[in-house]
Undergrad: 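Okay, handing you the structure first.
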Amino acid sequence: MKTIRINNASAPEFDRELISALPSSGPRYTSYPTADRFHQDFGEAEYLEALALRGAGALNKPLSLYIHIPFCDTICYYCGCNKIITKDKTRADEYLEYLEREMALLAPHLNGSSPLAQLHFGGGTPTFLSDGQLDRVFAMIRRHFTLLPDGEYSIEIDPRKVSRDTVRHLGRLGFNRMSVGIQDFDPKVQQAVNRIQSVEETRNVIEAARESGFKSVSVDLIYGLPHQSLESIRPTIDTVLSLDPDRLALYHYAHLPHIFKPQRRIDTAAVPSSEEKLDILQYAVRRLGEAGYVFIGMDHFAKPDDELTVALREGFLQRNFQGYSTYADCDLVAIGVSSIGKIGGTYSQNARNIADYYAALDAGRLPIMRGYRLNADDLLRRNIIQDLMCRFALDYRDYESTFGIPFARYFSAELADLAQMEQLGLVSLGSRSLAVTAKGRFLIRNIAMVFDYHLRHRETTARYSQTV
């Protein structure tokens, strides 16, 4: 694909009336097609076939590894992640045994000690693991992969359970990026969602990361939590800015107690209205812009000299299951319960239930529950959606030359829909190109949805998150 440079001098424009007028929910496009399109006809055999193609040299992409650690010792009421609540550390010992079994089954298909461009520990709470248990996982990783000096190795952190010594240990193991969960510093909000977290313990973790040589620290906030208001969010934003994170994510809370049981403990009457949530978001976006943070896309912001900002500006930003990335499109090996991987033109997901995950490995099988093999149309649309999400622009000639299609004829229905979006001020259409406007950048998911064949033509029971 041709490199498209982004002009960051044009800040995104927050148009409340337009945001309210468009469909309010849609995919986050960490993959295309989205995970709700995966099916059980794709299993272990299909996954091994994809690995064999990669091993034979049919694919020449960097390799990424995702490890899912499902355990948390307390429950956050807002959370919709795949998790197991326990204070029993021995459960993690058992889980690590099964991670080692899964990796042993995969090893013959990975062609020796593969260079690892990216590594991500997600959860759950990855730092539920003790230092010794983390050592055990890294010994497994180093048996099968080679960590690179310029690799991107990240972990999700809950500051309530992490000491400075643990952060230093993470640095020694090889982690160089961390994502720190905050959500909100207001005591009333914290009480309502069962996540009591002080500013001091959060600051200690971030300072320890910098002392330990971490290249990037990102923090996560959530807007729309119970008892949040425009007045309550202001001190939280000020405090977060005083922590000086390199990156910041501002996620929308979706209150779906009929789907996520922990949310039933939240008082629905205390959840802000749609108008109040837009007040909070509008203020946070303005405040972050004033502080110098650059809007990367969707709900992510970064400092002007951060690698993500540079990648956005230079046109090589990427997006995958872990969010935005600076690396070229990687193949992703994912291990652990419920984890999702991508090899070439396929996706695969492990069993979501830990008993099923263990049972498959006990039987000597990889625990693939479902997956998807992309066809030519899927690959074309995946490229287009990636470019929209990461570059806010399309050059039709790129897809015509790469995929051998007449763009205007192939996407005639989509271009008709985009013409309506142009009338709303979301995009600017040329004869051979598309550019997302300042207004459209906040609504990029709505624009990308135009090119989603499955969303246009096939029903789904999936519940997508709010687009803004």
Side-chain angles (χ1 to χ4, degrees), residues 28-31 34-35 63-76 78-86 91-92 95-96 98-99 102-103 106 116-130 133-134 136-138 140-141 145 147 151-162 166-167 170 173-183 195 205 209 214 216-222 247 249 251 260 298-300 318-325 327 330-342 347-354 357 367 369 465:
R28 294 184 62 81
Y29 292 117
T30 52
S31 72
T34 49
L63 196 62
S64 177
L65 176 65
Y66 174 74
I67 299 179
H68 189 76
I69 307 297
F71 305 105
C72 297
D73 68 1
T74 57
I75 189 166
C76 301
Y78 57 80
C79 184
C81 298
N82 187 306
K83 58 195 174 295
I84 297 168
I85 308 301
T86 181
R91 293 194 66 179
Y95 184 72
L96 297 189
Y98 281 92
L99 285 184
E102 184 178 4
M103 186 54 70
L106 281 168
L116 200 60
Q118 291 179 308
L119 169 67
H120 186 81
F121 275 46
T125 305
T127 46
F128 178 90
L129 301 181
S130 67
Q133 288 168 334
L134 285 164
R136 181 176 173 182
V137 179
F138 258 79
M140 175 188 75
I141 292 170
F145 301 96
L147 273 65
E152 195 174 86
Y153 306 133
S154 62
I155 184 168
E156 297 169 9
I157 297 286
D158 180 348
R160 299 172 298 169
K161 309 298 179 185
V162 177
T166 296
V167 174
L170 294 173
L173 285 173
F175 287 111
N176 54 27
R177 287 167 173 78
M178 73 164 55
S179 175
V180 179
I182 293 177
Q183 322 321 340
R195 187 186 174 99
V205 165
F214 278 69
S216 176
V217 175
S218 174
V219 302
D220 294 343
L221 299 177
I222 298 178
R247 303 172 185 176
Y251 296 113
F260 304 118
M298 288 178 46
D299 31 37
H300 285 66
Q318 297 290 323
R319 185 162 174 78
N320 57 32
F321 288 109
Q322 281 73 62
Y324 287 104
S325 168
Y327 267 85
C330 289
D331 280 331
L332 172 62
V333 172
I335 66 172
V337 63
S338 78
S339 62
I340 300 178
K342 177 179 79 71
Y347 299 116
S348 59
Q349 183 174 20
N350 279 353
R352 285 182 292 206
N353 179 284
I354 197 154
Y357 174 74
M369 174 190 73
S465 62

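When reading the values below, keep in mind they use all heavy atoms of this one structure, side chains included, and skip hydrogens, waters and symmetry mates. Just so it is clear, the model here is predicted, and its values are computed rather than measured.
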Undergrad: How long is the gap from CD1 on Ile67 to CG on Leu99, to the nearest 0.5 Å?
TA: 6.5 Å

Undergrad: Using side-chain hydrogen bond (donor to acceptor under 3.5 Å, both in side chains) as the criterion, list what pairs up with Tyr347, not counting sequence neighbours.
TA: Arg382

Undergrad: Rounded at 0.5 Å granularity, tell me how far NZ in Lys342 sits from OG in Ser64.
TA: 9.5 Å

Undergrad: Using the rule given for side chain to side chain contact (heavy atoms under 4.5 Å, CB included), can you reason through Val337 versus Arg352, listing the C-alpha separation, both sets of side-chain angles and the distance that settles it, and then say yes or no?
TA: CA-CA 6 Å; Val337 63; Arg352 285 182 292 206; 5.5 Å; no

Undergrad: Evaluate the criterion side chain to side chain contact (heavy atoms under 4.5 Å, CB included) for residue pair Tyr357 and Glu102; output intermediate values, then yes/no.
TA: CA-CA 10 Å; Tyr357 174 74; Glu102 184 178 4; 2.6 Å; yes

Undergrad: Roughly how far apart are Cys76 SG and Ile85 CD1, rounded to 0.5 Å?
TA: 8.0 Å

Undergrad: Nearest heavy-atom pair of Arg177 and Gly151: which atoms, and what distance?
TA: NH1-O, 3.7 Å

Undergrad: Nearest heavy-atom pair of His68 and Pro70: which atoms, and what distance?
TA: O-CD, 3.7 Å

Undergrad: Picking from Tyr153, Phe138, Phe214, what satisfies ring-ring contact (aromatic ring centres under 6.0 Å, His included) with Phe175?
TA: Phe138

Undergrad: Excluding sequence neighbours, so at least two apart, what forms side-chain hydrogen bond (donor to acceptor under 3.5 Å, both in side chains) with Ser338?
TA: none

Undergrad: Which value, rounded to the nearest 0.5 Å, describes the distance between Leu332 atom CG and Leu63 atom CG?
TA: 8.0 Å

Undergrad: Under a plain distance cut-off of 3.5 Å, with no hydrogens placed, do Gln118 and Tyr66 share a side-chain donor-acceptor pair?
TA: no

Undergrad: Could you go through the salt bridge (Lys or Arg N to Asp or Glu O under 4.0 Å) check for Asp299 and Arg28 one step at a time?
TA: CA-CA 10 Å; Asp299 31 37; Arg28 294 184 62 81; 3.0 Å; yes

Undergrad: Which pair of non-hydrogen atoms, one from Ala92 and one from Leu129, has the smallest distance, and what is that distance?
TA: CB-CD2, 3.7 Å

Undergrad: Which residues pass the side-chain hydrogen bond (donor to acceptor under 3.5 Å, both in side chains) test with Asp220, not counting sequence neighbours?
TA: Ser179

Undergrad: Would you please test Thr30 and Asn320 for side chain to side chain contact (heavy atoms under 4.5 Å, CB included) and show each step?
TA: CA-CA 5 Å; Thr30 52; Asn320 57 32; over 6 Å; no

Undergrad: Working to the nearest 0.5 angstrom, can you tell me the gap between Phe121 CZ and Ile157 CD1?
TA: 10.5 Å

Undergrad: Does any N or O in the side chain of Lys83 come within less than 3.5 Å of the main-chain N or O of Thr125, such that one atom is a donor and the other an acceptor?
TA: no

Undergrad: Please tell me if the side chains of Ile141 and Leu116 come closer than 4.5 Å, counting only heavy atoms from C-beta onward.
TA: yes

Undergrad: Under 3.5 Å, is there a donor-acceptor pair between the Glu152 and His120 side chains?
TA: no

Undergrad: How about Val205 and Met178: do any of their side-chain heavy atoms sit closer than 4.5 Å?
TA: yes

Undergrad: Might you work through the side chain to side chain contact (heavy atoms under 4.5 Å, CB included) test for Thr86 and Phe128, ending with a clear yes or no?
TA: CA-CA 10 Å; Thr86 181; Phe128 178 90; 4.0 Å; yes

Undergrad: How far apart are the closest heavy atoms of Pro126 and Ile69, and which atoms are they?
TA: CA-CB, 3.9 Å

Undergrad: Rounded to the nearest 0.5 Å, how far apart are CZ of Arg195 and OG1 of Thr74?
TA: 8.0 Å

Undergrad: Please report the shortest heavy-atom distance between Gly336 and Tyr95, naming the atom on each side.
TA: CA-OH, 3.2 Å

Undergrad: Taking all non-hydrogen atoms of both residues, which atom of Val180 and which atom of Pro159 are closest, and how far apart?
TA: CG1-CG, 3.3 Å

Undergrad: Within the 4.5 Å heavy-atom criterion, are Phe145 and Met103 side-chain neighbours or not?
TA: yes

